[in-house]
Amino acid sequence: MREYLLTLCITAAVTYLLTGPVRKFAIVAGAMPEIRARDVHREPTPRLGGIAMFFGLCAGLLVADHLTNLSEVFENSNEPRALLSGAALIWLIGVLDDKFEIDALIKLGGQMIAAGVMVMQGLTILWLPIPGVGSVSLTQWQGTLLTVALVVITINAVNFADGLDGLAAGMVCIAAAAFFMYGYRIWYGYGLESAAPATLFSALLMGMCLGFLPHNMHPARIFMGDSGSMLIGLVLAAGAISITGQVDPDAMNLFAGSEKEAVHQTVPVYIPLLLPLTIIAVPAADLVLAIVRRTWRGQSPFAADRGHLHHRLLEIGHSHSRAVLIMYFWSALIAFGALAYSVNSGAMWIVLGIMALSAVGLLLLLLPRFTPRAPRWAEHFVPPRYRRRKAVDLPADGGPAVAHDEAGDDLAHEGERDEERRTPVAVGVSGVNGATAVGARSRLLDERGAGTSR
């Protein structure tokens with residue numbers, strides 16, 4: 001565990017330290033596109049954050065290769081090299097797109113080629129555990145097609161989720177944490193060395209996201225762009241492919257019966273990770289809804305609009321920060337709920353807990369304008385938007401205004417003009433309810449856009 005944590009910290013540190021210089025490079029290189037109709041940020045922000053994330057990945061792999069236990073992963077498996085090859089290719093395509101806005105079909109072709117490169121080096125699905133049947137071996141073509149499809153779906157699901165500050169990096173970090181806990185349990189708990197590469201991939205992915213998040217949280221100073229969103233999507237898919245399609249469930253020796261019985265009993269363990277769509281269910285659902293919505297209108301599935309889930313949260317009144325936190329909540333609920341169910345599928349408290357938390361999530365969705373207020377003694381320790389607002393009484397004789405808090409206590413005498421005090425503040429203006437990156441928003445007046453990621 002210590003070596004995994006060291007690899008995670010090195011990856012996060014390198015990513016964090018390089019993001020600042022990369023931001024300056026992106027500004028000099030002109031990778032700062034103009035504000036588009038579907039964007040929610042108010043000022044041009046540099047992209048190319050994926051450069052720092054890629055070098056963080058390289059640093060993590062280099063350190064892991066020189067550690068005592070993790071070096072065996074590189075000796076016994078070619079999967080880390082396959083990951084690095086595919087990641088380098090998809091990263092290069094993303095950098096070109098961040099700078100020159102390449103065509104969506106070209107990006108799709110590059111994603112398929114990157115997946116094919118990993119397949120050629122051994123990172124592919126060899127068999128699938130099927131309930132009631134057992135482990136079904138796949139032919140070379142079947143494994144290749146399934147691997148490529150899984151990689152492409154995951155990359156685009158993460159890419160579609162990259163619409164708010166810190167959203168994609170945070171959601172993928174949550175998914176990677178769940179993946180790491182599962183992979184470490186299989187590797188350390190059952191002694192299966194074939195699960196070690198996926199555990200390493202998850203640790204690297206968490207480090208990349210944690211190192212980039214401080215620069216990307218609202219208000220973001222830099223965006224990861226396609227160079228980052230496609231990269232972390234590929235790493236997440238690589239971990240799912242490694243642990244699902246190459247770990248033999250019969251090798252776990254959980255049951256004394258046949259392999260068919262073992263697979264049937266371990267379905268709760270493998271089904272949530274058979275496709276990473278369960279782990280990243282929120283962006284995957286956004287991907288499906290976007291394709292259906294655009295094709296229903298007669299548009300291309302790659303034509304961008306303001307109909308994504310995070311756009312909808314903003315439109316119903318949630319602030320930028322709250323919309324991101326809600327998406328985090330649902331991602332964590334699904335990811336760790338599936339993880340808990342895989343450990344003990346017979347525990348009823350897990351199902352009841354998931355149902356209770358789902359009800360809490362639905363309640364949060366229905367209260368977009370609710371702003372919690374801190375107690376008076378804690379107001380100095382929380383952001384201004386969580387403090388009690390001051391109300392102003394305007395005397396009829398035109399005298400000085402008197403400010404009161406929500407309890408009606410006198411606070412201060414204000415000598416400003418009545419007109420300034422009576423000026424209403426429009427909902428959505430910068431600084432109101434924490435929506436500092438949204439500004440005055442229209443109700444989906446313009447759904448034009450170009451590209452699928454910032």
Point-to-point distance, once rounded to the nearest 0.5 Å, from [atom1] of [X] to [atom2] of [Y]:
X	Y	atom1	atom2	value
N69	M1	CG	CE	12.5 Å
F201	L83	CZ	CG	4.5 Å
H66	T7	NE2	OG1	12.0 Å
L213	L167	CG	CG	10.0 Å
S229	R47	OG	CZ	9.5 Å
I174	F336	CD1	CZ	7.0 Å

Can a donor-acceptor pair be found, under 3.5 Å and without considering hydrogens, that links the side chain of [X] to the backbone of [Y]?
X	Y	result
R23	R221	yes
R81	F74	yes
H215	G20	no
E3	L70	yes
Q121	N78	no
D165	N216	no
D97	D226	no
T124	M120	no
W91	G50	yes
D98	S227	yes

**Message:** One thing to verify: whether E101 and K107 come together as a salt bridge, which I'm taking to mean a side-chain N less than 4.0 angstrom from a carboxylate O.
**Reply:**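 E101 and K107: not salt-bridged.
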For [X] versus [Y], what's the shortest heavy-atom pair and its separation?
X	Y	result
G110	L89	O-CD2, 4.5 Å
T11	L57	CG2-N, 4.2 Å
A176	S202	O-CB, 3.7 Å
I232	C209	CG2-SG, 4.4 Å
A238	M118	CB-SD, 4.5 Å
A198	S242	N-OG, 3.8 Å

**Request:** Test side chain to side chain contact (heavy atoms under 4.5 Å, CB included) on C173 and L205 and set out the steps.
**Result:** CA-CA 7 Å; C173 186; L205 186 56; over 6 Å; no
Could you pull out all residues at least two apart from [X] that satisfy side chain to side chain donor-acceptor pair (under 3.5 Å)?
X	value
T144	none
S137	none
T19	none

**Request:** For the pair L231 and M208, evaluate side chain to side chain contact (heavy atoms under 4.5 Å, CB included) and give the outcome as yes or no after the intermediate values.
**Result:** CA-CA 10 Å; L231 175 63; M208 294 162 61; 3.6 Å; yes
**Asked** What about the rings of Y4 and F180, do their centers lie closer together than 6.0 Å?
**Response**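 Yes, they do, as the ring centres are separated by less than 6.0 Å.
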**Asked** Could you walk me through whether F329 and L357 pass the side chain to side chain contact (heavy atoms under 4.5 Å, CB included) check?
**Response** CA-CA 9 Å; F329 173 85; L357 291 175; 4.2 Å; yes
Kindly indicate whether the side chain of [X], heavy atoms from C-beta on, has any atom under 4.5 Å from the side chain of [Y].
X	Y	answer
I51	F54	no
L48	F223	no
Q111	N156	yes
F212	I222	yes

**Flag for D65-S71: side-chain donor and acceptor within less than 3.5 Å** =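 No.
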**V152: which of L150, T154, I155, V148 passes side chain to side chain contact (heavy atoms under 4.5 Å, CB included)** =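 The side chain to side chain contact (heavy atoms under 4.5 Å, CB included) with V152 is passed solely by V148 among L150, T154, I155, V148.
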**Prompt:** Can you check side chain to side chain contact (heavy atoms under 4.5 Å, CB included) on L8 and L204, steps first, answer last?
**Reply:** CA-CA 6 Å; L8 187 155; L204 293 170; over 6 Å; no
